[in-house]
**Q** 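Input: one structure, supplied below.
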Amino acid sequence: MNGRADFQEPNAEVPRPIPHIGADYIPTEEERRVFAECNDESFWFRSVPLAATSMLITQGLISKGILSSHPKYGSIPKLIFACIMGYFAGKLSYVKTCQEKFRNLENSPLGEALRSGQARRSSPSGHYSQKSKYDSNLSGHSSFVTSPAADNIEKEMLPHYEPIPFSASMNESTPTGITDHVAQ
């Protein structure tokens with residue numbers, strides 16, 4: 001021994017290292033299958049319905065006169081825009097469902113990275129996170145919440161200033177006593 005005792009509790013949970021998922025990551029066969037499944041489901045079950053609905057609503061608004069049509073191209077530019085926005089909204093709305101599918105994969109580095117990222121966000125403070133050097137002892141208190149404990153801390157920590165009435169504040173019409181001539 002080198003004078004140091006390496007002791008670890010037998011039941012202590014050691015966090016596994018987070019796998020590096022970068023641009024050079026090559027997905028496994030099962031991850032590729034889930035990517036394809038997510039792509040198909042997000043397209044058919046979210047993007048197509050949202051794009052069609054947004055196009056129908058846009059066409060309805062144009063026919064009622066609420067939206068104006070283009071003088072040369074008619075309603076086509078607005079319908080294309082509504083279709084594109086519906087498509088992307090559908091894809092974005094499926095992200096959490098797809099992430100959940102990856103979290104449920106057993107032997108997936110990508111799923112492990114998502115699970116460990118979720119554990120970091122939902123863990124109690126101090127377990128995975130490091131406190132910022134800008135945090136103060138008032139960080140747990142919101143400035144909009146008024147509780148007796150928060151008021152006492154604020155009274156002790158912050159200097160007390162008397163409010164200035166509006167009529168006594170400086171503005172362009174208030175005389176300041178400063179003049180151009182020298183008093184004799």
Side-chain angles (χ1 to χ4, degrees), residues 1-62 67 75-147 149-150 153 157:
M1 272 204 221
N2 57 6
R4 194 178 107 194
D6 291 324
F7 175 75
Q8 185 175 0
E9 293 181 29
N11 293 334
E13 184 178 317
V14 178
R16 289 182 275 173
I18 301 169
H20 174 69
I21 307 293
D24 58 341
Y25 176 72
I26 299 171
T28 64
E29 192 62 38
E30 192 173 1
E31 288 172 343
R32 281 191 218 129
R33 181 190 57 79
V34 172
F35 272 124
E37 184 180 305
C38 284
N39 194 25
D40 287 344
E41 288 178 1
S42 67
F43 179 76
W44 290 110
F45 298 123
R46 301 281 177 96
S47 292
V48 169
L50 280 174
T53 303
S54 64
M55 288 174 65
L56 286 172
I57 290 171
T58 303
Q59 184 60 42
L61 292 173
I62 290 172
L67 289 178
S75 63
I76 292 183
K78 286 189 172 76
L79 290 177
I80 290 173
F81 180 76
C83 180
I84 291 170
M85 291 296 110
Y87 172 81
F88 284 118
K91 288 288 188 179
L92 286 174
S93 71
Y94 203 73
V95 168
K96 289 199 185 260
T97 307
C98 194
Q99 284 177 347
E100 193 60 38
K101 287 183 179 196
F102 279 104
R103 279 190 202 102
N104 293 335
L105 290 177
E106 291 295 323
N107 296 322
S108 166
L110 188 57
E112 181 64 32
L114 287 170
R115 284 189 293 271
S116 63
Q118 181 185 22
R120 255 190 254 145
R121 285 189 300 274
S122 63
S123 70
S125 178
H127 184 56
Y128 284 103
S129 63
Q130 182 178 9
K131 193 169 185 170
S132 169
K133 67 179 181 179
Y134 300 109
D135 288 346
S136 68
N137 59 354
L138 295 175
S139 64
H141 299 288
S142 170
S143 61
F144 298 105
V145 177
T146 57
S147 68
I153 290 173
M157 300 294 291

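Counting from 1, the numbers follow the sequence of the chain as shown.
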**Q** Go through E41 and T97 one step at a time and tell me if the side chain to side chain contact (heavy atoms under 4.5 Å, CB included) criterion holds.
**A** CA-CA 10 Å; E41 288 178 1; T97 307; 5.7 Å; no
**Q** State, to 0.1 Å, how close R115 and F102 come at their nearest heavy-atom pair, and which atoms those are.
**A** NH1-O, 4.2 Å
**Q** Hey, does the side chain of E31 reach the backbone of L110 with a donor-acceptor pair shorter than 3.5 angstrom?
**A** yes
**Q** Nearest heavy-atom pair of L50 and G86: which atoms, and what distance?
**A** CB-O, 3.5 Å
**Q** To the nearest 0.5 Å, how far apart are CG in L56 and CG in L61?
**A** 11.0 Å
**Q** Can you measure from CD1 (I76) to CD (Q59) and round to the nearest 0.5 angstrom?
**A** 9.5 Å
**Q** Mind listing the closest non-hydrogen atom pair of W44 and P49 along with its distance?
**A** O-CD, 3.4 Å
**Q** Nearest 0.5 Å, what's the CE-CD1 distance between M55 and I57?
**A** 12.0 Å
**Q** Could I get the full list of salt bridge (Lys or Arg N to Asp or Glu O under 4.0 Å) partners for E29, not counting sequence neighbours?
**A** R32
**Q** If you apply the rule side chain to side chain contact (heavy atoms under 4.5 Å, CB included), what do you find for S108 with E30, and how did you get there?
**A** CA-CA 8 Å; S108 166; E30 192 173 1; over 6 Å; no
**Q** Provide the closest heavy-atom pair for A51 versus Y87 in the form atom of the first, atom of the second, distance.
**A** CB-N, 4.0 Å
**Q** Does atom CG of N107 have more than 12 heavy-atom neighbours, drawn from other residues, nucleotides or ligands, at distances under 6.0 Å?
**A** no
**Q** Report the residues that fulfil side-chain hydrogen bond (donor to acceptor under 3.5 Å, both in side chains) with S47, sequence neighbours left out, ordered by chain and then residue number.
**A** none
**Q** Minimum heavy-atom separation for S54 to C83, with atom names?
**A** OG-N, 4.1 Å
**Q** Is there a side-chain contact between E112 and L105 in this structure, where contact means two heavy atoms from C-beta onward sitting under 4.5 Å apart?
**A** no
**Q** Is it true that K96 and E100 have a side-chain N and a carboxylate O under 4.0 angstrom from each other?
**A** no
**Q** Is it the case that over 12 heavy atoms from other parts of the model lie below 6.0 angstrom from the CG atom of L92?
**A** yes
